[in-house]
2 protein chains.
Amino acid sequence: MALGKNYDGQDCSFAKTLEVLGERWTLLVIRDAMCGVRRFGDFQAHLDIPKAVLSQRLSALVEAGVLERRRYQDAPPRDEYVLTPMGRELWVPVLALAQWGERHLAANGHRRLYHHVTCGSLLEPYSICGTCGRSVPLEEVEVRPGPGLRDDARTDLVSLTLRSPHRMLAPIPDKMGETPEGRSHELGGNRVRGRAARAAR
Amino acid sequence: MALGKNYDGQDCSFAKTLEVLGERWTLLVIRDAMCGVRRFGDFQAHLDIPKAVLSQRLSALVEAGVLERRRYQDAPPRDEYVLTPMGRELWVPVLALAQWGERHLAANGHRRLYHHVTCGSLLEPYSICGTCGRSVPLEEVEVRPGPGLRDDARTDLVSLTLRSPHRMLAPIPDKMGETPEGRSHELGGNRVRGRAARAAR
DNA sequence: CATGTTAGTTCATTCACCGAACCGTGATAC
DNA sequence: GTATCACGGTTCGGTGAATGAACTAACATG
């Protein structure tokens with residue numbers, strides 16, 4: 001619980017919302033899920049979050065109906081976590097928070113640009129497409145790297161994938177384009193290899 | 001800090017946003033400020049938050065530029081906390097989160113309804129007025145109690161004020177309409193008297 | 001001068017987060 | 001077949017933040 005249980009008389013749904021979304025890491029998990037992150041290891045490498053916390057957050061979000069846990073492989077049992085329709089509706093507040101941050105906290109220019117995938121236009125506030133004038137749902141959005149992303153040293157699979165334009169909700173691929181070596185410096189985590197073998201069969 | 005300091009390589013402003021807004025209680029403080037709560041005691045009584053935490057959150061929000069601390073009385077030095085323009089821009093994400101919660105988490109119907117004050121229409125997502133079609137800024141919004149608020153037992157000044165329609169950002173009044181007595185049951189906090197004396201001079 | 005009000009701070013306890021280590025299951029290497 | 005590795009967790013001890021109660025400061029009231 002994000003705010004103690006004594007909420008019997010609390011008067012607005014905002015508090016209830018924060019009970020579901022307000023804990024540390026939770027909104028970042030949701031944002032990653034919107035970008036197509038589905039697997040435990042990808043969340044973990046990209047967010048650099050303790051596994052125990054990630055596990056608890058994923059379970060809580062499944063419990064709350066924001067994520068759905070889905071078996072995608074039985075051999076070693078593996079699940080992935082995907083947004084439910086209820087979770088996808090969080091696009092509005094998530095984008096609004098992101099755009100607020102871009103306006104007021106991004107010193108080096110925007111880091112992520114959100115485009116309407118059908119016409120390519122940049123999204124304006126409220127997820128409104130500058131060309132169509134319509135409000136664009138998450139399914140029609142593409143993230144592109146912005147100028148503020150220049151010096152991004154992260155080497156995890158999600159960060160690498162998002163260095164190119166990426167359709168929201170489209171799964172992060174199993175591997176990247178075979179960067180042969182010279183990547184094992186940094187702080188030990190963030191390895192990219194591995195899934196290639198299983199995926200190749 | 002909401003998420004540890006190791007954010008050198010973090011890739012989206014969303015994380016930075018959550019460093020400012022993501023801590024426990026912070027968004028509730030902002031939401032209260034949008035409703036016109038300005039004084040330490042009113043925040044404290046309405047949110048039922050430990051004073052130490054409230055003090056820390058208010059200072060952090062002032063530091064971040066979301067709130068402005070403003071002396072309103074010198075006799076005993078007293079400050080009030082009001083939203084800056086940057087803080088007022090948080091209306092869009094705050095409303096979006098509130099509306100998401102109302103849709104998905106409010107079992108007994110909506111608790112708060114947000115109306116465009118000039119034409120009276122209910123606000124749609126993105127703070128768009130159903131009648132005008134324009135996006136409505138916080139300054140033109142009125143909160144009204146919704147059907148889900150039926151059994152609201154809270155007796156603090158803010159809750160009492162919000163039982164009637166209230167213009168957003170309009171300060172919570174110093175006192176209510178003299179409910180003579182019969183209010184000192186409950187759990188000890190939440191007293192309403194007191195400010196009448198000073199205000200009357 | 002005793003009491004009350006408001007906005008804090010201080011302090012001890014409790015709780016959540018953290019990182020490291022460990023575990024279970026299956027795949028791969030030898 | 002056995003050793004090793006990858007993945008997705010769980011367990012556990014240490015740390016830091018949240019909590020609630022008590023205390024303080026500055027003034028007002030009676």
Side-chain angles (χ1 to χ4, degrees), chain A residues 1-6 19 22-26 28-29 37-45 47-60 62 69-81 156-157 174-175 187-201, chain B residues 1-6 19 22-26 28-29 37-45 47-60 62 69-81 156-157 174-175 187-201:
Chain A
M1 296 293 156
L3 293 162
K5 300 83 201 164
N6 49 345
E19 297 239 1
E23 277 172 312
R24 213 161 135 83
W25 296 110
T26 299
L28 286 174
V29 168
V37 179
R38 298 183 172 189
R39 297 185 185 180
F40 191 94
D42 288 337
F43 282 112
Q44 213 239 314
L47 295 175
D48 201 23
I49 177 181
K51 292 163 127 194
V53 178
L54 176 58
S55 181
Q56 194 276 325
R57 293 298 183 275
L58 289 172
S59 302
V62 169
R69 186 176 194 144
R70 177 193 295 168
R71 175 79 29 118
Y72 70 91
Q73 171 184 296
D74 283 307
R78 292 287 180 264
D79 298 323
E80 59 185 7
Y81 301 87
D156 61 275
L157 184 53
D174 261 11
K175 58 160 183 158
L187 0 81
N190 298 350
R191 293 206 271 153
V192 180
R193 310 157 302 135
R195 248 148 52 184
R198 187 181 61 253
R201 285 193 288 98
Chain B
M1 298 291 157
L3 293 162
K5 300 83 201 162
N6 49 345
E19 297 238 3
E23 278 173 312
R24 214 163 136 82
W25 296 110
T26 299
L28 286 174
V29 168
V37 179
R38 298 182 170 190
R39 297 187 185 177
F40 192 93
D42 288 336
F43 283 111
Q44 213 241 317
L47 295 175
D48 202 22
I49 177 181
K51 292 164 128 192
V53 179
L54 176 59
S55 181
Q56 194 276 325
R57 293 298 183 274
L58 289 172
S59 301
V62 169
R69 187 176 193 146
R70 176 194 296 168
R71 175 80 27 121
Y72 71 90
Q73 172 184 295
D74 281 307
R78 292 287 179 262
D79 297 323
E80 60 185 4
Y81 301 87
D156 62 275
L157 183 54
D174 263 8
K175 59 161 183 159
L187 0 82
N190 298 351
R191 294 207 272 154
V192 180
R193 309 157 300 132
R195 249 150 52 186
R198 188 182 61 252
R201 283 195 288 100

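What's counted below: heavy atoms across the whole structure, side chains too, no hydrogens, waters or symmetry copies.
- Protein atom CG of A:Leu28 is 14 Å distant from nucleotide atom P of C:dC17, rounded to whole Å.
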Next item on the list: Starting from the C-alpha separation in whole Å, work towards a yes-or-no answer on side-chain contact (heavy atoms from CB on, under 4.5 Å) for A:Arg38 and A:Tyr81.
Entry: CA-CA 5 Å; A:Arg38 298 183 172 189; A:Tyr81 301 87; 5.8 Å; no
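- The distance between atom CZ of A:Arg71 and atom P of D:dG8, rounded to the nearest whole Å, is 12 Å.
- Regarding contacts with the backbone of D:dG8, every side-chain N or O of A:Tyr81 stays at 4.0 angstrom or more from both OP1 and OP2.
- Across the protein-nucleic acid pair, B:Gln56 atom CD and C:dG8 atom C1' stand 14 Å apart, rounded to whole Å.
- Nucleotide D:dA17 holds its P atom 18 Å from the CG atom of B:Leu54, rounded to whole Å.
- Put simply, CD1 on A:Ile49 is 15 Å from C1' on D:dT10, counting in whole angstrom units.
- With hydrogens and angles ignored, the 3.5 Å screen pairs a side-chain donor or acceptor of B:Gln73 with a backbone N or O of B:Pro76.
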Next item on the list: Show the numbers, then the answer: is there a side-chain contact (heavy atoms from CB on, under 4.5 Å) between B:Arg39 and B:Tyr72?
Entry: CA-CA 10 Å; B:Arg39 297 187 185 177; B:Tyr72 71 90; 3.5 Å; yes
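- When all heavy atoms are compared, the tightest approach of A:Phe43 to A:Val29 is CE2-O, 3.4 Å.
- Protein atom CD of A:Glu80 is 11 Å distant from nucleotide atom P of D:dG8, rounded to whole Å.
- A:Ala52 comes within 4.0 angstrom of a base, heavy atoms only.
- Neither OP1 nor OP2 of C:dT6 sits under 4.0 Å from any side-chain N or O of B:Arg38.
- Comparing C:dA27, D:dA18, C:dT9 by their closest approach to the side chain of B:Arg57 singles out D:dA18.
- The interatomic distance linking A:Gln44 (CD) with D:dG8 (P) rounds to 10 Å, in whole Å.
- In terms of phosphate contacts, B:Ser55 brings no side-chain nitrogen or oxygen within less than 4.0 Å of OP1 or OP2 of C:dA7.
- Note that CZ of A:Arg57 and CG of A:Leu28 are 11.0 Å apart. Values are rounded to the nearest 0.5 Å.
- Residues B:Leu58 and A:Asp74 both approach DNA chain C. Their nearest nucleotides, taken by heavy-atom distance, put B:Leu58 toward the 5′ side.
- The side chain of B:Arg78 contributes no N or O atom lying less than 4.0 Å from OP1 or OP2 of D:dA28.
- For the pair A:Lys51 NZ and C:dG24 C1', the interatomic distance rounds to 12 Å; values are reported in whole Å.
- Looking at which nucleotide of DNA chain C each of B:Pro77 and A:Pro50 is closest to, the 5′-most match is held by B:Pro77.
- Dashed line: the shortest gap from a side-chain N or O of B:Trp25 to OP1 or OP2 of D:dT19 is under 4.0 Å.
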